[in-house]
Asker: 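Here's a structure for you.
Chain A is the first sequence line, chain B the second, and so forth, proteins listed ahead of strands; every chain is numbered from 1.
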Number of protein chains: 2
Amino acid sequence: MKGFLSFLILWILKKEKMSGAEIAKELEKRKGHKPSPGTLYPALKDLREQGFISCDKDKVYTLTKSGEKELESACKTFHEIFYDAHEMHKCCKK
Amino acid sequence: MKGFLSFLILWILKKEKMSGAEIAKELEKRKGHKPSPGTLYPALKDLREQGFISCDKDKVYTLTKSGEKELESACKTFHEIFYDAHEMHKCCKK
DNA sequence: CCTTATCTATCGGTTATCCGATACTTGGAA
DNA sequence: TTCCAAGTATCGGATAACCGATAGATAAGG
């Protein structure tokens with residue numbers, strides 16, 4: 001997996017399968033701006049080539065079994081690094 | 001601020017001021033491997049030049065007032081992107 | 001049909017990120 | 001004082017991550 005963008009895409013697709021445009025909107029909600037097509041589609045292509053997501057004829061992307069495993073692993077790593085993320089929340093609230 | 005490395009450094013220094021070597025150890029705990037000196041020290045230099053951290057004569061790095069503000073802002077951004085990080089934890093546990 | 005708008009996708013180039021190799025500095029032991 | 005180890009720091013280069021511009025595909029409306 002490439003970086004946080006790929007991680008986020010897997011995470012979003014775990015919740016619901018969706019099209020590229022819908023993924024872009026979801027990313028906009030989180031990051032505040034839409035990723036450029038030149039960012040999003042290469043990332044989707046990579047994930048597809050690695051077998052983590054699949055794409056049906058209607059261009060709707062779905063998390064595969066392999067993708068779920070990858071996501072679980074990535075979540076674990078994420079949590080090891082940011083195990084105290086809940087404290088960060090407090091930090092930014094005051 | 002550059003990326004997640006700088007973010008992590010500020011976060012670590014918020015909890016406790018420490019030397020470069022100690023920061024490296026703390027990063028190792030989280031990420032599983034020590035950052036190379038060529039990664040850590042340029043990041044520290046950047047943060048220093050931006051006024052987010054200061055370095056006393058004993059080479060101990062401390063978060064500045066400005067750094068605290070920056071960290072708060074970064075925590076906010078982080079939480080907007082990963083607002084559902086607690087669900088990730090569940091995901092990686094099963 | 002033909003046009004238009006939206007979505008999908010690719011390409012080249014730019015910048016960010018990071019590492020290994022190297023060198024300087026410092027403090028303590030011999 | 002001399003030597004050595006550990007910490008600090010810099011440099012050049014490799015790779016990852018990302019964007020803007022561009023173009024093809026598809027579907028709806030005139």
Asker: Quickly work out the B/Leu47 CG to C/dT17 P distance and round it to whole Å.
Answerer: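 Taking atom P of C/dT17 as the reference, CG of B/Leu47 is at 11 Å.
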Asker: How many Å lie between CG on A/Leu8 and P on D/dA17, as a whole number?
Answerer: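 Taking atom P of D/dA17 as the reference, CG of A/Leu8 is at 13 Å.
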Asker: Starting at CG of B/Leu5 and ending at P of C/dT17, how long is that distance when rounded to a whole Å?
Answerer: 9 Å
Asker: Just by distance, no angles: are the side chains of A/Glu22 and A/Ser19 close enough, under 3.5 Å, to form a donor-acceptor pair?
Answerer: yes
Asker: Counting only side-chain N and O atoms of B/Tyr61, is one of them less than 4.0 Å from OP1 or OP2 of D/dA9?
Answerer: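 Checking B/Tyr61 against D/dA9: at least one side-chain N or O falls below 4.0 Å of OP1 or OP2.
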Asker: Say you draw a straight line from CZ of B/Phe7 to OG1 of B/Thr77; how long is it, rounded to the nearest 0.5 Å?
Answerer: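 B/Phe7 CZ to B/Thr77 OG1: 8.5 Å, rounded to 0.5 Å.
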Asker: Scan B/Leu40 against the nucleic acid and name what it touches under 4.0 Å (heavy atoms): base, sugar-phosphate only, or nothing.
Answerer: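 The answer is nothing, as B/Leu40 stays clear of every strand by at least 4.0 Å.
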Asker: To the nearest Å, give me how far apart CD (B/Glu49) and C1' (D/dA9) are.
Answerer: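 Nearest whole value for this atom pair: 12 Å.
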Asker: How long is the line joining CZ of B/Phe7 and C1' of C/dT17, in whole Å?
Answerer: 17 Å
Asker: If you take the centroid of each ring, where Trp contributes its six-membered ring, are A/Phe82 and B/Phe78 closer together than 6.0 Å?
Answerer: yes
Asker: Quick one: do A/Glu72 and A/Lys76 make a salt bridge, cutoff under 4.0 Å?
Answerer: no
Asker: Rounded to whole Å, please give me the gap between CE in B/Met18 and C1' in D/dT8.
Answerer: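 Rounded to the whole Å, the gap is 17 Å.
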Asker: Which parts of residues 24-38 of chain A get close to DNA chain D, meaning a heavy atom less than 4.0 angstrom away?
Answerer: A/His33, A/Ser36, A/Gly38
Asker: Closer than 4.0 Å, any side-chain N/O of B/Lys45 to the OP1 or OP2 of D/dT8?
Answerer: no
Asker: Let me know the distance between CG of A/Asp46 and P of D/dA16, rounded to the nearest Å.
Answerer: 10 Å
Asker: Can you tell me which nucleotide in C/dT10, D/dC18, C/dT8 comes closest to the side chain of A/Thr39?
Answerer: D/dC18
Asker: Could you check whether atom NZ of B/Lys15 has more than 12 heavy atoms from other residues, nucleotides or ligands sitting under 6.0 Å from it?
Answerer: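 Yes, NZ of B/Lys15 has more than 12 neighbouring heavy atoms, counting only those of other groups under 6.0 Å.
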Asker: With a non-hydrogen cut-off below 4.0 angstrom, is A/Leu44 in contact with a base, only sugar-phosphate, or nothing?
Answerer: nothing
Asker: If we ignore hydrogens and angles and just use 3.5 Å, is the side chain of A/Thr64 paired with the main-chain N or O of A/Gly51 as donor and acceptor?
Answerer: yes
Asker: B/Lys57 has an atom NZ; how far is it from atom C1' of C/dG27, in whole Å?
Answerer: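 It works out to 15 Å between those atoms.
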Asker: Between B/Tyr41 and D/dT8, does any side-chain N or O lie under 4.0 Å from OP1 or OP2?
Answerer: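 Checking D/dT8 against B/Tyr41, a side-chain N or O does come within under 4.0 Å of OP1 or OP2.
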Asker: Are the side chains of B/Glu68 and B/Leu13 in contact, using a 4.5 Å heavy-atom criterion?
Answerer: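 No, their side chains stay 4.5 Å or more apart.
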